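Since the structure is predicted, the reported quantities are computational estimates derived from the model, not experimental observations. Naming convention: chains lettered A, B, ... in sequence-line order (proteins, then strands); numbering from 1 in each chain. In what follows, every heavy atom counts, from backbone to side chain, and hydrogens, waters and symmetry copies are set aside.
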Amino acid sequence: MSPPDSDRLAAIRSALMDWYGVHARDLPWRMAPGSAERADPYRVWLSEVMLQQTTVPHATPYFQAFVTRWPTVGALAAAPDEAVMGAWAGLGYYARARNLLACAQAVARDHGGVFPDTEDGLRALPGLGAYTAAAVAAIAFGRRAVVVDGNVERVMARLFTVDTPLPKGRPELRALADALTPEPETFDPGDWAQALMDLGSRICRPRSPLCGQCPLAGDCQARASGPPEAWPKKLAKVPKPRREGLVWVLVDKAGRVGLVKRPDKGLLGGMLGLPTSGWDAGEASGPPVVADWVEAGTVRHVFTHFELELEVMRAEGQADLIWREVAEAEATLPTVFRKVLVRALAA
DNA sequence: GAATCGTGGCC
DNA sequence: TGGCCAAGATT
């Protein structure tokens, strides 16, 4: 990697911001490029947390539902735990929802209902790591911050042909992003961050990048040495183990289904779920009640680091469980259990 | 530093 | 179909 000189950096900045002025995406949490008005910190923060490891199309309806139901951070802070977790169901990475509520409560309790307006202040809140703190500081408060997500890493790796594989190459990519980040007097920090991410998302895509439409193609070392999709380099991934278990769908005479609240930590933590045998080694709980259990098929589900095969058992009866209408359960359970419920009631 | 933690879309 | 990927944080 050759250290970029200042003239080249300035040319890249101008080219990107010119492109963004024309091609910026219209998103419900975003101000138009060049707008004098700053975006609402609550909406910026909420969108950034939802977008962690999540696509814009998947997160968008959840964002709309949340801001409709809880228009301010104070309203969210006052919401019951189960309402927030249920509204998050299907979005995944449920620690985000627990931290979301904890963060809203911290802002309400410790900051008078107003988000801290510095990167360090934001970084201290639950669920805000390096990326999200920088993004909110830049977008909501106009602070210069080095905003580095997967998009930015990919753009940096290609612009400057960084050959160190991820995740080891992260510090190097961040240093390049820092060098490229403009001063607030030159370009708006929020526009800058979103321009870089839009470029990564729409043009400098992981597969089949659209170099013909890229405003930085003439500055891109990967474009010159090609093919650009060879960057960023990545370490080989470990194969996913396969795990198995039983899941019990108990229905009462009123047509409700029996649920359990999962422990706050660990997989699907804090969410409602169906009773299961467990699926980790040495884990083997029995059914919630002795009943006439019948097999109702199999559900396969792929988590981040393992594949799960659940044998579905169904019965009618009573037990000491949390009872919910089937429609509500289907709307507020994690996807793996929603799939089980659909299978059990179809069989 | 490595493991853990969801889900849906795409090719 | 199966692997890859997405605006990462936490422990």
At 4.0 Å (heavy atoms only), tell me whether A:Pro57 reaches a base, stays on the sugar-phosphate, or touches nothing. nothing
Expressed as a whole number of angstroms, how long is the span from A:Lys240:NZ to C:dG3:P? 9 Å
Donor-acceptor pair under 3.5 Å, A:Thr54 side chain vs B:dG6 base: yes
C:dA9 OP1/OP2 closer than 4.0 Å to side-chain N/O of A:Thr132: yes
Under 4.0 Å between any heavy atoms, over every strand shown, what does A:Trp45 touch: base, sugar-phosphate, or nothing? Just pick one. nothing
Closest to side chain of A:Arg207, choosing from B:dT7, B:dC10, C:dA7: B:dC10
Round to a whole Å and report the spacing from CD of A:Glu307 to C1' of C:dC4. 13 Å
Using atom CD1 of A:Ile203 as one end and atom C1' of C:dA6 as the other, report the distance to the nearest whole Å. 17 Å
Verify whether one side chain among A:Asp198 and A:Trp19 offers a donor that lies under 3.5 Å from an acceptor in the other. no
So does A:His305 get a side-chain nitrogen or oxygen closer than 4.0 Å to the phosphate oxygens (OP1/OP2) of B:dC5? yes
Closest of C:dC4, C:dA6, C:dG8 to the A:Lys237 side chain is C:dC4
For atom NZ of A:Lys234 and atom P of C:dG3, their distance in whole Å: 16 Å
Could you please name the option among C:dC5, C:dA9, B:dG6 that lies closest to any side-chain atom of A:Pro206? C:dC5
Distance below 4.0 Å between A:Arg154 side-chain N/O and C:dA6 OP1 or OP2: yes
Check the phosphate of B:dG6 against A:His301, side-chain N and O only, distance under 4.0 Å to OP1 or OP2. Yes or no? no
Which whole-number value in Å describes the distance from A:Leu268 CG to B:dC5 C1'? 9 Å
Categorize A:Arg170 for me: base, sugar-phosphate, or nothing, with a 4.0 angstrom heavy-atom threshold over every strand shown. nothing
If I take atom CD in residue A:Gln53 and atom C1' in nucleotide B:dG6, what distance separates them, rounded to the nearest angstrom? 10 Å
Roughly, in whole Å, what's the span from NE2 in A:His58 to C1' in C:dA7? 15 Å
Regarding A:Gly269, tell me which of base, sugar-phosphate or nothing describes its non-hydrogen contacts under 4.0 Å with the strands shown. nothing
Between A:Glu183 and A:Arg144, is there a salt bridge with N-O shorter than 4.0 Å? yes
When all nucleic acid strands are considered with a 4.0 Å heavy-atom cut-off, which category describes A:Val302: base, sugar-phosphate, or nothing? base
With a 3.5 Å cut-off and no angle check, do the side chains of A:Lys240 and A:His305 form a donor-acceptor pair? no
Would A:Arg256 and A:Glu325 pass as an ion pair if we require N to O under 4.0 Å? no
At under 4.0 Å between heavy atoms, what does A:Gly200 touch on the DNA or RNA strands: base, sugar-phosphate, or nothing? nothing
I'd like to know if A:Arg243 pairs up with A:Asp280 as an ion pair, taking the criterion as any Lys NZ or Arg NE/NH1/NH2 lying under 4.0 Å from an Asp or Glu carboxylate oxygen. yes
For A:Thr335 and B:dG8, is the shortest distance between a side-chain N/O and OP1 or OP2 below 4.0 Å? yes
Strictly below 4.0 Å: does A:Tyr93 bring a side-chain N or O up to OP1 or OP2 of C:dT10? no
Within the 4.0 Å heavy-atom criterion, would you say A:Ala193 contacts the bases, only the backbone, or no part of the nucleic acid? nothing
For A:Phe63 and A:Phe66, what are the C-alpha separation, side-chain angles and deciding distance, and is it a ring pair (Phe, Tyr, Trp, His ring centres under 6.0 Å)? CA-CA 5 Å; A:Phe63 175 83; A:Phe66 268 67; 9.0 Å; no
Measuring only the C1' atom in each nucleotide, how far is B:dA3 from C:dA7? A whole number of Å is fine. 22 Å
Please classify the nucleic acid contact of A:Leu27 as base, sugar-phosphate, or nothing, using heavy-atom distances under 4.0 Å. base
Assign each of A:Arg30 and A:Lys265 the nucleotide of DNA chain C bearing its closest heavy atom; nearer the 5' end lies the nucleotide of A:Arg30
First of A:Pro167 and A:Thr304 reached from the 5' end of DNA chain B, by closest nucleotide: A:Pro167
Taking everything shown except A:Arg170 itself, do over 12 heavy atoms lie less than 6.0 Å from its CZ? yes
To the nearest angstrom, the CZ-C1' distance between A:Arg96 and C:dT11 comes to 18 Å
